[in-house]
Amino acid sequence: MHTERTPLITVLGHTAAGKTGFAARLAHRLNGEILSADSRQVYRGMNIGTGKDLQDYVVDGNPVPHHLIDVVDAGTEYNVYRFKNDFLRAYTDIRQRGKVPVLCGGSGLYLEAILRDYSMLHVPVDEALRADLESRSYEELKSLLALYGPLHNTTDTVNRKRLVRAIEIAMHQGSQETEDRKPAELDSLVLGIRFERMNRRDRITRRLEQRLKEGLVEEVEALHRQGISHEKLEYYGLEYRFVSRYLARILTYEEMVSGLNTAIHQFAKRQMTYFRGMERRGIDIVWLRGENPPEDTLERAVDLSRVLLARSGSVI
RNA sequence: GGUGCCAUAGCUCAGUUGGUAGAGCACAGGACUGAAAAUCCUGGUGUCCCUGGUUCGAUUCCUGGUGGCACCA
């Protein structure tokens, strides 16, 4: 049995780099389809705040098919495990139809889960276990997790919630054989779009102003009216967190805008740190300057993609 | 115009009984496998408003400016 290498083109970059429009144009040229790698855009009804620019998927009047957007209801939970499963299903589907898969997004963990093929088993919530762990102290939970060997995830011990989940996963893995699936190895091209720091900040600030004009506050208000609590809105992204605090009168309008702007700048910086980390862990990223003429950048990306597709025997 | 108070990091402010200074936020770097736009770690970036004086030494005390705030006219 030979190991087949299947192609995957990835477009990543910090927020407000114009990834979506770029990936859509690239996919359009390559007869491809987009797989979103955005941990926020999976939620239905969260549009302005997650930057779900659906019009960007239309290139010269032609809609480019996209996946992994609007896959769950707002207010429910989603995570990297579910993302990986959803990705594999969509990816297989795209390949079977002979299309070129283009992964596009800025959620570093989600991207890396695909590009480095994280192994993740299905581990259901164990209510009995959780109830049992409820009474344990933080230190007790920590030593309990330590019984299962070295930490798989170094951020497992940052709080109780993560500790409990880590123990749940560790116990589950101990109780069953390690998964022996052999995923098709990816033949990967990773393109990264980045702007210089000052330009990145300008773009973020301008886009935030734009989103406020488009009705960001009203969107969050509507979600809250539908029954998503302020407490929950804290976890659906920066826009929802800050606007929710404004609606709850914890922040003034001015504090909300400036605080949100700052938080997005910090997030973009963290994204870049994550991407550098991915490079250190062995993922090659071809960086494209956002400041360059878009046509030149697109042609370069098309050329690089064709080399990859020819190598993997795909016809375009 | 008079009197009083204030002036220290990008911002808000501590502090130095005279030995050139430190918090929060901002900012920078890093970590990252089931909430990842999450969570966490590290780092002080400075004409201490200007001028003259006292002093071995002044951001600190004193003189005179400048700017701000308050009160009185």
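If you're wondering where the values come from, they're calculated on a predicted model, not measured in any experiment. Order of the sequence lines sets the chain letters (A, B, ...), proteins ahead of strands, with each chain counted from 1.
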Inset, instruction - Indicate the atoms forming the closest heavy-atom contact of A/A113 with A/K84, along with that distance. - result: O-CE, 3.5 Å
Inset, instruction - Check step by step if side-chain hydrogen bond (donor to acceptor under 3.5 Å, both in side chains) holds for A/R207 and A/T15. - result: CA-CA 10 Å; A/R207 192 183 60 175; A/T15 189; 2.7 Å; yes
Legend entry - Test item: A/M278 and A/V190 side chains (from C-beta on) under 4.5 Å apart, heavy atoms: no
Legend entry - Touch class at under 4.0 angstrom, heavy-atom based, for A/R280 against every strand present: sugar-phosphate
Inset, instruction - Please report, rounded to the nearest Å, how far the P atom of B/C27 is from the CD1 atom of A/I264. - result: 12 Å
Inset, instruction - Looking at every strand, decide which applies to A/R241 at a 4.0 Å heavy-atom threshold: base, sugar-phosphate, or nothing. - result: sugar-phosphate
Legend entry - Between A/Y246 and A/E255: side-chain donor-acceptor atoms closer than 3.5 Å: no
Legend entry - Integer angstrom distance from the C1' of B/U17 to that of B/C13: 22 Å
Legend entry - Of residues 193-202 of chain A, the positions that come close to RNA chain B - non-hydrogen atoms, cut-off under 4.0 Å: A/R197, A/R201
Legend entry - B/C32 phosphate, OP1 or OP2, under 4.0 Å from A/R281 side-chain N/O: yes
Inset, instruction - Would you kindly give the NZ-to-P distance between A/K52 and B/A37, to the nearest whole Å? - result: 15 Å
Inset, instruction - In whole angstrom, give the distance that lies between atom NZ of A/K161 and atom C1' of B/G34. - result: 10 Å
Inset, instruction - Rounded to whole angstrom, note down the C1' distance from B/U63 over to B/U54. - result: 11 Å
Inset, instruction - Please measure how far the P atom in B/A73 lies from the corresponding atom in B/U55, and state the result in whole Å. - result: 44 Å
Inset, instruction - Using a 4.0 Å heavy-atom cut-off across all strands, classify A/Q266 as base, sugar-phosphate, or nothing. - result: sugar-phosphate
Inset, instruction - Test A/R201 against A/K269 for side chain to side chain contact (heavy atoms under 4.5 Å, CB included), laying out the working first. - result: CA-CA 10 Å; A/R201 294 171 65 91; A/K269 175 176 142 55; over 6 Å; no
Legend entry - Proximity to the side chain of A/E239 - top-ranked nucleotide from B/G34, B/G30, B/A37: B/A37
Inset, instruction - Classify the side chain of A/R162 versus the base of B/A38 as yes if they form a donor-acceptor pair under 3.5 Å and no if they do not. - result: yes
Legend entry - d(OH, A/Y235; P, B/G34) in whole Å: 16 Å
Inset, instruction - Please measure how far the P atom in B/U16 lies from the corresponding atom in B/C49, and state the result in whole Å. - result: 16 Å
Legend entry - Candidate pair A/Y236 and A/T50, rule side chain to side chain contact (heavy atoms under 4.5 Å, CB included), full reasoning: CA-CA 9 Å; A/Y236 286 91; A/T50 61; over 6 Å; no
Inset, instruction - Could you tell me whether the side chain of A/R136 reaches within less than 4.5 Å of the side chain of A/K142, counting heavy atoms only? - result: no
Legend entry - Atom of A/H122, atom of A/H172 and distance for their closest heavy-atom approach: O-NE2, 3.2 Å
Inset, instruction - Could you check if a side-chain atom of A/L8 sits within less than 4.5 angstrom of a side-chain atom of A/I114, using non-hydrogen atoms only? - result: yes
Inset, instruction - Take atom P in B/G10 and the same atom in B/C6, then report the distance between them in whole Å. - result: 23 Å
Inset, instruction - Give the rounded distance in Å between these two atoms: CD of A/E77 and P of B/G34. - result: 13 Å
Inset, instruction - Measure the distance from CD on A/Q271 to C1' on B/A31 and round it to the nearest whole Å. - result: 16 Å
Inset, instruction - Any chance you could lay out the side chain to side chain contact (heavy atoms under 4.5 Å, CB included) test for A/T273 and A/R276, step after step, and finish with the verdict? - result: CA-CA 5 Å; A/T273 301; A/R276 279 181 229 121; 3.8 Å; yes
Legend entry - Expected output: side-chain A/Y110 to main-chain A/S39 donor-acceptor under 3.5 Å: no
Inset, instruction - Remember a base hit wins even if backbone is also touched, and classify A/T50 as base, sugar-phosphate or nothing at under 4.0 Å, heavy atoms. - result: base
Legend entry - Residue closer to the 5' end of RNA chain B, A/E112 versus A/Y236 (nearest nucleotide): A/E112
Inset, instruction - Start with the C-alpha distance between A/D126 and A/R130, add both sets of side-chain angles, then the distance that settles salt bridge (Lys or Arg N to Asp or Glu O under 4.0 Å), and finish with yes or no. - result: CA-CA 6 Å; A/D126 185 340; A/R130 289 190 179 199; over 6 Å; no
Inset, instruction - Among B/G34, B/C27, B/G29, find the nucleotide with the atom closest to the side chain of A/L121. - result: B/G34
Inset, instruction - Look at the side chain of A/R165 and decide which nucleotide, out of B/A31, B/C27, B/G34, has an atom nearest to it. - result: B/G34
Inset, instruction - Return one dot-bracket line describing RNA chain B 5' to 3' (Watson-Crick or G-U wobble pairs, both distances under 3.5 Å; ( ) same strand, [ ] crossing, | another strand, . none). - result: (((((((..((((.....[..))))((((((.......))))).)...((.((..]....)).))))))))).
Inset, instruction - Mind listing the closest non-hydrogen atom pair of A/F242 and A/M256 along with its distance? - result: O-CG, 3.3 Å
Legend entry - d(CG, A/L109; P, B/G34) in whole Å: 7 Å
Legend entry - Interatomic distance where CE belongs to A/M272 and P belongs to B/C32 [whole Å]: 17 Å
Legend entry - In one Ile/Leu/Val/Met/Phe/Trp/Tyr side-chain cluster, 4.5 Å: A/Y138, A/L144: yes
Legend entry - Touch class at under 4.0 angstrom, heavy-atom based, for A/R276 against every strand present: sugar-phosphate
Inset, instruction - Please check the phosphate of B/A37 (OP1 and OP2 only) for any side-chain N or O of A/S107 closer than 4.0 Å. - result: yes
Inset, instruction - With heavy atoms under 4.0 Å as the rule, sort A/G51 into base, sugar-phosphate or nothing. - result: nothing
Legend entry - Rounded distance in Å between the C1' positions of B/U51 and B/G43: 37 Å
Inset, instruction - Could you tell me whether A/Y240 contacts a base, only the sugar-phosphate backbone, or nothing, with contacts defined as non-hydrogen atoms closer than 4.0 Å? - result: nothing
Inset, instruction - State which of B/G34, B/C27, B/U39 makes the closest approach to the side chain of A/R270. - result: B/U39
Legend entry - A/K269 vs B/G29: side-chain N/O to OP1/OP2 distance below 4.0 Å: yes
Inset, instruction - Using a heavy-atom cut-off of under 4.0 Å over every strand shown, decide if A/Y78 touches base, sugar-phosphate, or nothing. - result: sugar-phosphate
Legend entry - Which nucleotide in B/C27, B/U39, B/C32 has an atom nearest any side-chain atom of A/T273: B/C32
Legend entry - Positions of residues 223-234 of chain A (non-hydrogen atom under 4.0 Å from RNA chain B), listed by number: none
Legend entry - Verdict with reasoning, A/Y235 to A/E77, per side-chain hydrogen bond (donor to acceptor under 3.5 Å, both in side chains): CA-CA 10 Å; A/Y235 294 96; A/E77 283 194 16; over 6 Å; no
Legend entry - Spacing of the C1' atoms in B/C62 and B/C69 (rounded, Å): 24 Å
